Enquirer: 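Pasting in a structure now, in structure tokens, and then I'll have a few things to ask.
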Amino acid sequence: MTSLYPPLDIDLPTQLLGGLSPREFMRDYWQKKPLLIRQALPGFQPPVTIRDVQTLARREEVESRLVSHGTKGWSLKQGPFRRLPPMTQAHWTLLVQSADLHDDDTAALMRLFRFIPDARLDDLMISIASDGGGVGPHYDSYDVFLLQGHGQRRWRTSSQTDLSLVPGLPLKILADFQPDADDILEPGDMLYLPPHVCHDGIAVGADCMTLSIGFRVPSQATLARGLLESAADQICAQHLGAAGLYGQPYLPGPDLSALYTDADQAPTQHPAALPEHLIDSALATLQKIRLDQAVAARFLGQWLTSLPENALFDPADDVPLLAEAIPATGQLVLDRCTRLMYSGQQVFINGEVADVTPSAALHALADKRSLPAQDIALLPADNLSALDEWLQEGWAHWER
Ligand code: SIN
Ligand code: CO
């Protein structure tokens with residue numbers, strides 16, 4: 001199957017980035033400043049229709065929100081929605097989160113942006129809006145590409161640093177929005193915004209559709225906490241014996257079975273004071289816990305490949321058994337929901353550490369999201385067993 005969106009050459013100018021190469025875009029704009037790209041995707045036809053988005057918002061497993069703005073101010077409702085307002089009624093927008101989990105073509109569109117590491121990718125959100133609809137002036141803690149899919153949307157952006165919000169509202173609305181750019185986007189136009197750039201998108205006319213390809217930006221606090229929690233697995237490994245973090249085997253750790261000793265403790269006249277020696281011993285124990293690249297990669301790999309609850313898999317009935325016989329033709333493709341990443345000797349899939357010997361072909365599968373039959377033949381036996389498991393789970397499919 002030929003892809004609608006073949007991968008970009010990182011050194012070649014591309015229309016998607018307004019004639020910049022991915023290398024130039026990352027150097028000059030990514031995380032630095034907004035970029036408006038006229039006709040990033042000329043003749044763009046969104047992967048789903050407005051009616052498809054309405055249908056998605058009716059489904060239980062799809063995360064959706066309806067934002068409207070009227071005489072009573074802002075209102076926010078969470079889906080699923082049995083009824084939605086008609087396009088003839090102004091000032092509403094419906095947002096469907098992670099549409100890529102539910103539609104193959106939407107997931108393929110999102111992967112056009114894989115010149116940015118998957119570790120940063122979050123989801124593709126689709127919004128539809130009636131005339132005047134929007135979520136109000138706000139900022140996000142995300143990098144985002146706002147791609148116009150249908151109709152028109154007016155985007156105003158601001159380089160302001162005042163991020164104060166109106167208190168007491170159901171959604172984040174800037175108290176004092178001072179736009180310094182104002183553009184109307186047509187289908188195929190795209191606006192890139194780094195985190196914390198204030199913006200406001202308002203539908204101009206009905207039938208407005210915007211697709212947002214969002215990139216999560218973990219806070220230092222999230223990274224530090226996650227890493228420490230994951231490192232703590234080394235202690236549990238030998239001393240607590242329960243299942244590891246995310247149900248994974250524990251990290252091998254140091255021997256911490258020795259008891260604290262204070263044979264030199266002198267009699268005290270201050271029995272309530274914590275002994276200095278006890279404090280120093282506790283700190284010395286911590287020195288034994290490994291906090292190295294492999295531990296950090298393990299935490300990040302498990303965390304960043306873990307799936308949202310509404311990522312559902314649908315395994316085929318007749319999957320080949322690769323460990324027995326590799327089909328002569330065809331290819332293995334990862335399911336649209338599957339997250340596969342690697343670092344050094346470790347491979348991570350859908351929140352788990354894969355029990356495999358890393359191989360160049362497995363890395364190629366992660367990078368390309370597909371692997372032809374002839375390359376599968378090069379894989380070591382344990383890789384084949386892992387692929388068989390993934391096929392049976394529906395994490396991967398065999399395309400004939
Ligand atoms: C949208 O309305 O489609 C995008 C919302 C946003 O600005 O984050
Ligand atoms: Co936003």
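When reading the values below, keep in mind they use all heavy atoms of this one structure, side chains included, and skip hydrogens, waters and symmetry mates. These figures come from a predicted structure and were not determined experimentally. For ligands, and for the atoms within them, numbers begin at 1 and follow the listed sequence.
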Enquirer: State whether R120 and D143 are salt-bridged, where the test is any N-O pair (Lys NZ or Arg NE/NH1/NH2 against Asp/Glu carboxylate O) under 4.0 Å.
Expert: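 Looking at R120 and D143, the cut-off is met.
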
Enquirer: Of all N, O or S atoms in D140, which has the smallest distance to the Co ion (ligand 2)?
Expert: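 Atom name returned: OD2.
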
Enquirer: Roughly how far apart are R23 CZ and D11 CG, rounded to 0.5 Å?
Expert: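 The distance works out to 4.0 Å.
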
Enquirer: Whether R156 and D182 form a salt bridge (side-chain N of Lys/Arg under 4.0 Å from carboxylate O of Asp/Glu) is what I want to check.
Expert: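 The answer is no: the pair does not qualify as a salt bridge.
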
Enquirer: Quick one: which of I126, V53, V67 gives a side-chain contact (heavy atoms from CB on, under 4.5 Å) with L94?
Expert: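 With L94 as partner, I126, V53, V67 yield a single side-chain contact (heavy atoms from CB on, under 4.5 Å), made by V53.
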
Enquirer: Should the pair W390 and W395 be assigned to parallel (<30°), tilted (30 to 60°) or perpendicular (>60°) ring geometry?
Expert: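 W390 vs W395 ring planes: tilted.
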
Enquirer: Could you tell me how the ring of F299 sits relative to the ring of W303: parallel (under 30°), tilted (30 to 60°) or perpendicular (over 60°)?
Expert: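 Parallel, since the angle between the ring planes stays under 30°.
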
Enquirer: My understanding is that only one of F145, W155, Y142, Y29 makes a ring-ring contact (aromatic ring centres under 6.0 Å, His included) with Y192; could you say which?
Expert: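 One option only clears the test, and that one is F145.
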
Enquirer: Quick check on ligand 1: any N or O pairs to the protein under 3.5 Å? One line per pair.
Expert:
residue  : atom  : partner : partner atom : Å
ligand 1 : 3 (O) : S127    : OG           : 2.5
ligand 1 : 7 (O) : H138    : NE2          : 3.2
ligand 1 : 7 (O) : H199    : NE2          : 3.2
ligand 1 : 8 (O) : H138    : NE2          : 3.2
ligand 1 : 8 (O) : D140    : OD2          : 3.4

Enquirer: Can you tell me the angle formed at the Co ion (ligand 2) by NE2 of H199 and NE2 of H138, to 10°?
Expert: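 About 90°, to the nearest ten degrees.
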
